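First up is the structure itself, then whatever we jot down about it.
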Amino acid sequence: MFQEEFRKRYTTIPFAIYKAHCNRTEGGAVSHQHKEIEILAVIEGEAELYVDSRFYKIKKGDVVVLTPYAIHRIKADKNFVTSYYCICFDGSLLCDKSLVSVLESGTADFEHRVPAQTPHARFMFDCVEKAFFACENQNIGWEMESVGHVSLLFSALKKHVTVTERIQNKTKSDFAKNALSYIAENFRQAITSRDAASALYVNVSYFCRIFKKTFGCCFAKYLNVYRLEQAKWALLNTEKPITDIAFSYGFHDCSYFAKTFREEYGISPREYRNTARNE
(Lines give C-alpha, C1' and ligand atoms only; values in the text may rest on other atoms or scores of the structure.)
Protein backbone atom coordinates (compact mmCIF):
# COMPACT_ATOMS: atom_id res chain seq x y z
CA MET A 1 0.00 0.00 0.00
CA PHE A 2 1.20 3.54 -0.69
CA GLN A 3 3.61 4.46 2.16
CA GLU A 4 1.94 1.82 4.36
CA GLU A 5 0.28 4.91 5.79
CA PHE A 6 -2.08 2.99 8.06
CA ARG A 7 0.76 1.29 9.92
CA LYS A 8 2.25 4.71 10.68
CA ARG A 9 -1.01 5.58 12.44
CA TYR A 10 -1.20 2.48 14.62
CA THR A 11 -0.95 3.23 18.34
CA THR A 12 -1.91 0.55 20.87
CA ILE A 13 -3.74 -1.75 18.42
CA PRO A 14 -3.46 -2.37 14.64
CA PHE A 15 -6.36 -0.03 13.89
CA ALA A 16 -6.17 3.26 12.00
CA ILE A 17 -8.38 5.86 10.36
CA TYR A 18 -8.40 8.75 7.96
CA LYS A 19 -10.97 11.01 6.36
CA ALA A 20 -10.34 11.27 2.65
CA HIS A 21 -11.33 13.84 0.06
CA CYS A 22 -11.19 12.24 -3.37
CA ASN A 23 -10.59 14.67 -6.22
CA ARG A 24 -7.85 15.26 -8.76
CA THR A 25 -5.18 15.95 -6.13
CA GLU A 26 -6.31 13.48 -3.44
CA GLY A 27 -7.02 9.75 -3.59
CA GLY A 28 -5.14 6.84 -5.10
CA ALA A 29 -5.18 6.94 -8.88
CA VAL A 30 -3.71 3.49 -9.44
CA SER A 31 -4.64 0.08 -8.12
CA HIS A 32 -3.02 -1.22 -4.94
CA GLN A 33 -3.52 -3.81 -2.23
CA HIS A 34 -2.63 -4.37 1.43
CA LYS A 35 -3.02 -7.01 4.12
CA GLU A 36 -5.48 -5.05 6.28
CA ILE A 37 -9.26 -5.08 6.06
CA GLU A 38 -10.47 -1.67 4.88
CA ILE A 39 -13.93 -0.16 5.28
CA LEU A 40 -15.19 3.02 3.62
CA ALA A 41 -18.33 5.02 4.38
CA VAL A 42 -19.15 7.69 1.77
CA ILE A 43 -20.06 11.05 3.34
CA GLU A 44 -20.55 13.14 0.21
CA GLY A 45 -20.21 12.94 -3.57
CA GLU A 46 -19.67 10.07 -5.96
CA ALA A 47 -16.67 8.13 -7.21
CA GLU A 48 -15.72 5.06 -9.20
CA LEU A 49 -14.45 2.07 -7.26
CA TYR A 50 -12.59 -0.85 -8.82
CA VAL A 51 -12.14 -4.01 -6.73
CA ASP A 52 -10.33 -6.86 -8.49
CA SER A 53 -12.36 -7.30 -11.69
CA ARG A 54 -15.48 -5.50 -10.41
CA PHE A 55 -16.62 -1.91 -10.91
CA TYR A 56 -18.86 0.03 -8.54
CA LYS A 57 -20.27 3.54 -8.56
CA ILE A 58 -20.15 4.61 -4.92
CA LYS A 59 -22.38 7.38 -3.59
CA LYS A 60 -23.32 9.18 -0.38
CA GLY A 61 -24.38 6.73 2.32
CA ASP A 62 -22.75 3.69 0.72
CA VAL A 63 -20.49 1.43 2.76
CA VAL A 64 -17.63 -0.51 1.15
CA VAL A 65 -15.88 -3.53 2.65
CA LEU A 66 -12.47 -4.37 1.14
CA THR A 67 -10.85 -7.69 1.96
CA PRO A 68 -7.11 -8.21 2.51
CA TYR A 69 -5.10 -8.16 -0.73
CA ALA A 70 -8.08 -7.13 -2.86
CA ILE A 71 -6.66 -5.04 -5.69
CA HIS A 72 -8.56 -1.78 -5.59
CA ARG A 73 -8.57 1.88 -6.52
CA ILE A 74 -10.89 4.86 -6.21
CA LYS A 75 -11.23 7.38 -8.99
CA ALA A 76 -13.01 10.67 -8.42
CA ASP A 77 -15.94 11.60 -10.61
CA LYS A 78 -14.96 14.79 -12.41
CA ASN A 79 -18.23 16.40 -11.31
CA PHE A 80 -17.82 15.66 -7.60
CA VAL A 81 -15.49 16.02 -4.67
CA THR A 82 -16.08 12.83 -2.72
CA SER A 83 -15.33 12.52 0.97
CA TYR A 84 -15.44 9.35 3.01
CA TYR A 85 -14.47 7.83 6.33
CA CYS A 86 -11.90 5.09 6.09
CA ILE A 87 -11.00 2.59 8.78
CA CYS A 88 -8.33 -0.02 8.32
CA PHE A 89 -7.37 -2.80 10.73
CA ASP A 90 -5.77 -6.19 11.07
CA GLY A 91 -8.21 -9.11 10.96
CA SER A 92 -6.90 -10.42 14.28
CA LEU A 93 -9.11 -7.83 16.00
CA LEU A 94 -12.29 -9.70 14.98
CA CYS A 95 -13.51 -12.57 17.15
CA ASP A 96 -15.09 -14.53 14.25
CA LYS A 97 -11.97 -16.41 13.21
CA SER A 98 -13.74 -18.49 10.57
CA LEU A 99 -14.90 -15.33 8.79
CA VAL A 100 -11.45 -13.76 9.15
CA SER A 101 -9.90 -16.90 7.66
CA VAL A 102 -12.15 -16.68 4.60
CA LEU A 103 -11.48 -12.95 4.21
CA GLU A 104 -7.72 -13.29 4.52
CA SER A 105 -7.50 -16.31 2.23
CA GLY A 106 -8.88 -14.28 -0.64
CA THR A 107 -11.70 -16.78 -1.21
CA ALA A 108 -14.55 -14.61 0.14
CA ASP A 109 -16.94 -13.65 -2.65
CA PHE A 110 -19.55 -10.94 -2.04
CA GLU A 111 -20.67 -7.53 -3.21
CA HIS A 112 -18.16 -5.10 -1.70
CA ARG A 113 -20.55 -2.16 -1.92
CA VAL A 114 -23.51 -1.96 0.45
CA PRO A 115 -25.84 0.58 -1.22
CA ALA A 116 -27.24 3.40 0.90
CA GLN A 117 -30.82 2.44 0.06
CA THR A 118 -30.57 -1.00 1.68
CA PRO A 119 -32.06 -1.20 5.22
CA HIS A 120 -28.80 -2.30 6.88
CA ALA A 121 -26.57 0.31 5.19
CA ARG A 122 -27.52 3.05 7.66
CA PHE A 123 -26.62 0.81 10.60
CA MET A 124 -23.28 -0.12 9.02
CA PHE A 125 -22.55 3.52 8.19
CA ASP A 126 -23.18 4.45 11.82
CA CYS A 127 -20.81 1.68 12.94
CA VAL A 128 -18.05 3.10 10.74
CA GLU A 129 -18.67 6.64 11.94
CA LYS A 130 -18.67 5.65 15.63
CA ALA A 131 -15.52 3.54 15.22
CA PHE A 132 -13.87 6.44 13.37
CA PHE A 133 -14.57 9.01 16.10
CA ALA A 134 -13.68 6.59 18.90
CA CYS A 135 -10.27 6.11 17.28
CA GLU A 136 -9.88 9.81 16.53
CA ASN A 137 -10.70 10.97 20.07
CA GLN A 138 -8.89 8.08 21.81
CA ASN A 139 -10.72 8.47 25.11
CA ILE A 140 -10.25 5.77 27.76
CA GLY A 141 -11.36 2.43 26.33
CA TRP A 142 -11.34 3.65 22.73
CA GLU A 143 -9.74 0.41 21.52
CA MET A 144 -12.63 -1.76 22.75
CA GLU A 145 -15.17 0.78 21.52
CA SER A 146 -13.64 0.90 18.02
CA VAL A 147 -13.34 -2.87 17.71
CA GLY A 148 -16.86 -3.26 19.11
CA HIS A 149 -18.40 -1.07 16.43
CA VAL A 150 -16.47 -2.91 13.71
CA SER A 151 -17.66 -6.24 15.13
CA LEU A 152 -21.26 -5.00 14.97
CA LEU A 153 -20.70 -3.99 11.36
CA PHE A 154 -19.49 -7.48 10.44
CA SER A 155 -22.42 -8.98 12.32
CA ALA A 156 -24.73 -7.00 10.02
CA LEU A 157 -22.65 -8.03 7.02
CA LYS A 158 -23.09 -11.72 7.88
CA LYS A 159 -26.84 -11.26 8.38
CA HIS A 160 -27.61 -9.28 5.26
CA VAL A 161 -24.87 -9.89 2.71
CA THR A 162 -24.30 -13.29 1.16
CA VAL A 163 -20.67 -14.28 1.58
CA THR A 164 -19.63 -17.35 -0.39
CA GLU A 165 -16.29 -18.99 -1.06
CA ARG A 166 -14.78 -19.16 -4.50
CA ILE A 167 -11.74 -20.88 -5.90
CA GLN A 168 -8.82 -18.54 -5.38
CA ASN A 169 -6.76 -17.47 -8.35
CA LYS A 170 -3.52 -18.02 -6.45
CA THR A 171 -1.28 -17.28 -9.43
CA LYS A 172 -2.78 -13.82 -9.89
CA SER A 173 -2.75 -13.14 -6.16
CA ASP A 174 0.90 -14.14 -5.77
CA PHE A 175 1.91 -12.11 -8.81
CA ALA A 176 0.26 -8.97 -7.42
CA LYS A 177 1.79 -9.37 -3.97
CA ASN A 178 5.27 -10.07 -5.35
CA ALA A 179 5.15 -7.23 -7.88
CA LEU A 180 4.04 -4.68 -5.29
CA SER A 181 6.58 -5.95 -2.76
CA TYR A 182 9.32 -5.49 -5.35
CA ILE A 183 8.19 -1.91 -6.03
CA ALA A 184 7.97 -1.09 -2.31
CA GLU A 185 11.50 -2.35 -1.71
CA ASN A 186 13.15 -0.84 -4.79
CA PHE A 187 11.21 2.26 -5.91
CA ARG A 188 14.01 4.62 -4.81
CA GLN A 189 16.33 3.05 -7.36
CA ALA A 190 16.34 3.25 -11.17
CA ILE A 191 14.30 0.11 -11.93
CA THR A 192 12.51 -1.08 -15.04
CA SER A 193 9.93 -3.71 -15.91
CA ARG A 194 12.82 -5.92 -17.03
CA ASP A 195 14.38 -5.67 -13.56
CA ALA A 196 11.06 -6.52 -11.93
CA ALA A 197 10.44 -9.45 -14.26
CA SER A 198 13.89 -10.81 -13.51
CA ALA A 199 13.27 -10.50 -9.75
CA LEU A 200 10.00 -12.43 -10.13
CA TYR A 201 11.65 -15.04 -12.41
CA VAL A 202 9.27 -14.46 -15.33
CA ASN A 203 9.63 -13.38 -18.94
CA VAL A 204 9.50 -9.59 -19.34
CA SER A 205 6.71 -9.67 -21.97
CA TYR A 206 4.64 -11.92 -19.68
CA PHE A 207 5.34 -9.62 -16.74
CA CYS A 208 4.25 -6.50 -18.63
CA ARG A 209 1.08 -8.14 -19.95
CA ILE A 210 -0.04 -9.52 -16.58
CA PHE A 211 0.95 -6.36 -14.71
CA LYS A 212 -1.20 -4.15 -16.96
CA LYS A 213 -4.11 -6.59 -16.80
CA THR A 214 -3.88 -6.74 -12.99
CA PHE A 215 -3.31 -3.06 -12.18
CA GLY A 216 -4.83 -1.27 -15.15
CA CYS A 217 -1.66 0.50 -16.26
CA CYS A 218 1.89 -0.30 -17.32
CA PHE A 219 4.72 -0.84 -14.83
CA ALA A 220 6.38 2.52 -15.57
CA LYS A 221 3.13 4.43 -14.97
CA TYR A 222 2.45 2.59 -11.73
CA LEU A 223 6.01 3.14 -10.51
CA ASN A 224 5.80 6.87 -11.23
CA VAL A 225 2.51 7.27 -9.36
CA TYR A 226 3.81 5.19 -6.46
CA ARG A 227 6.80 7.53 -6.21
CA LEU A 228 4.54 10.57 -6.48
CA GLU A 229 2.32 9.33 -3.66
CA GLN A 230 5.39 8.89 -1.49
CA ALA A 231 6.51 12.39 -2.40
CA LYS A 232 3.07 13.84 -1.62
CA TRP A 233 3.31 12.50 1.92
CA ALA A 234 6.77 14.03 2.36
CA LEU A 235 5.63 17.38 0.96
CA LEU A 236 2.83 17.51 3.49
CA ASN A 237 4.54 16.02 6.54
CA THR A 238 8.17 17.13 6.36
CA GLU A 239 10.13 20.33 5.86
CA LYS A 240 12.53 18.79 3.35
CA PRO A 241 13.34 20.90 0.28
CA ILE A 242 11.44 19.79 -2.81
CA THR A 243 14.67 18.87 -4.59
CA ASP A 244 15.64 16.53 -1.75
CA ILE A 245 12.19 14.93 -1.80
CA ALA A 246 12.42 14.32 -5.54
CA PHE A 247 15.77 12.54 -5.20
CA SER A 248 14.69 10.66 -2.07
CA TYR A 249 11.73 9.09 -3.84
CA GLY A 250 13.31 7.89 -7.04
CA PHE A 251 13.22 10.96 -9.28
CA HIS A 252 16.74 11.72 -10.43
CA ASP A 253 15.74 14.92 -12.23
CA CYS A 254 13.90 17.64 -10.29
CA SER A 255 12.39 19.16 -13.43
CA TYR A 256 10.99 15.79 -14.46
CA PHE A 257 9.57 15.34 -10.95
CA ALA A 258 7.76 18.70 -11.15
CA LYS A 259 6.50 17.97 -14.67
CA THR A 260 5.23 14.50 -13.72
CA PHE A 261 3.61 15.79 -10.54
CA ARG A 262 1.73 18.49 -12.43
CA GLU A 263 0.59 16.04 -15.12
CA GLU A 264 -0.79 13.67 -12.50
CA TYR A 265 -2.36 16.13 -10.03
CA GLY A 266 -2.84 19.35 -11.97
CA ILE A 267 -0.60 21.48 -9.71
CA SER A 268 3.10 21.80 -8.94
CA PRO A 269 4.71 20.17 -5.88
CA ARG A 270 5.15 23.59 -4.27
CA GLU A 271 1.53 24.54 -4.92
CA TYR A 272 0.39 21.23 -3.45
CA ARG A 273 2.47 21.75 -0.31
CA ASN A 274 1.17 25.28 0.20
CA THR A 275 -2.47 24.50 -0.62
CA ALA A 276 -2.69 21.31 1.45
CA ARG A 277 -1.16 22.95 4.51
CA ASN A 278 -3.49 25.94 4.34
CA GLU A 279 -6.70 23.85 4.13
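The shown structure was predicted, so the numbers you read here are calculated from the model rather than taken from an experiment.
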Using the side-chain hydrogen bond (donor to acceptor under 3.5 Å, both in side chains) rule, take Asn178 and Tyr201 through it: C-alpha gap first, then chi angles, then the decisive distance, then the call.
CA-CA 11 Å; Asn178 293 337; Tyr201 302 102; over 6 Å; no
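- Qualifying side-chain contact (heavy atoms from CB on, under 4.5 Å) partners for Asn139, counting only residues two or more places apart in sequence or in other chains: Asn137.
- Looking at Tyr85, its side chain never comes within 3.5 Å of a backbone N or O of Phe132 through a donor-acceptor pair.
- Between Lys57 and Asp62 no salt bridge is recorded (no basic side-chain N to carboxylate O distance below 4.0 Å).
- Ring geometry, Phe175 versus Phe211: the interplanar angle exceeds 60°, so the pair is classed perpendicular (tilted spans 30 to 60°).
- Under the 6.0 Å distance and 45° angle rule, Arg73 counts as a cation-pi partner of Tyr50.
- Residues satisfying the salt bridge (charged side-chain N to carboxylate O under 4.0 Å, His left out) test with Asp195, not counting sequence neighbours, are none.
- A search for salt bridge (charged side-chain N to carboxylate O under 4.0 Å, His left out) contacts involving Arg122 returns Asp126, not counting sequence neighbours.
- Within the structure, salt bridge (charged side-chain N to carboxylate O under 4.0 Å, His left out) contacts touching residues 252-261 (residues at least two apart or in different chains) are Lys259-Glu263.
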Got a list of side-chain donor-acceptor pairs under 3.5 Å for residues 141-151, not counting sequence neighbours?
residue	atom	partner	partner atom	Å
Glu143	OE2	Thr12	OG1	2.6
Ser146	OG	Trp142	O	2.9
Ser151	OG	Val147	O	2.9

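- Looking at Lys221 and Glu264, a side-chain N of the basic residue comes within less than 4.0 Å of a carboxylate O on the acidic one, giving a salt bridge.
- Put simply, the side chain of His112 gets close to the backbone of Val65: a donor and an acceptor are under 3.5 Å apart.
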Sequence neighbours left out, cut at 3.5 Å: what donor-acceptor pairs do the side chains of residues 240-248 make with other protein atoms?
residue	atom	partner	partner atom	Å
Ser248	OG	Asp244	O	2.7

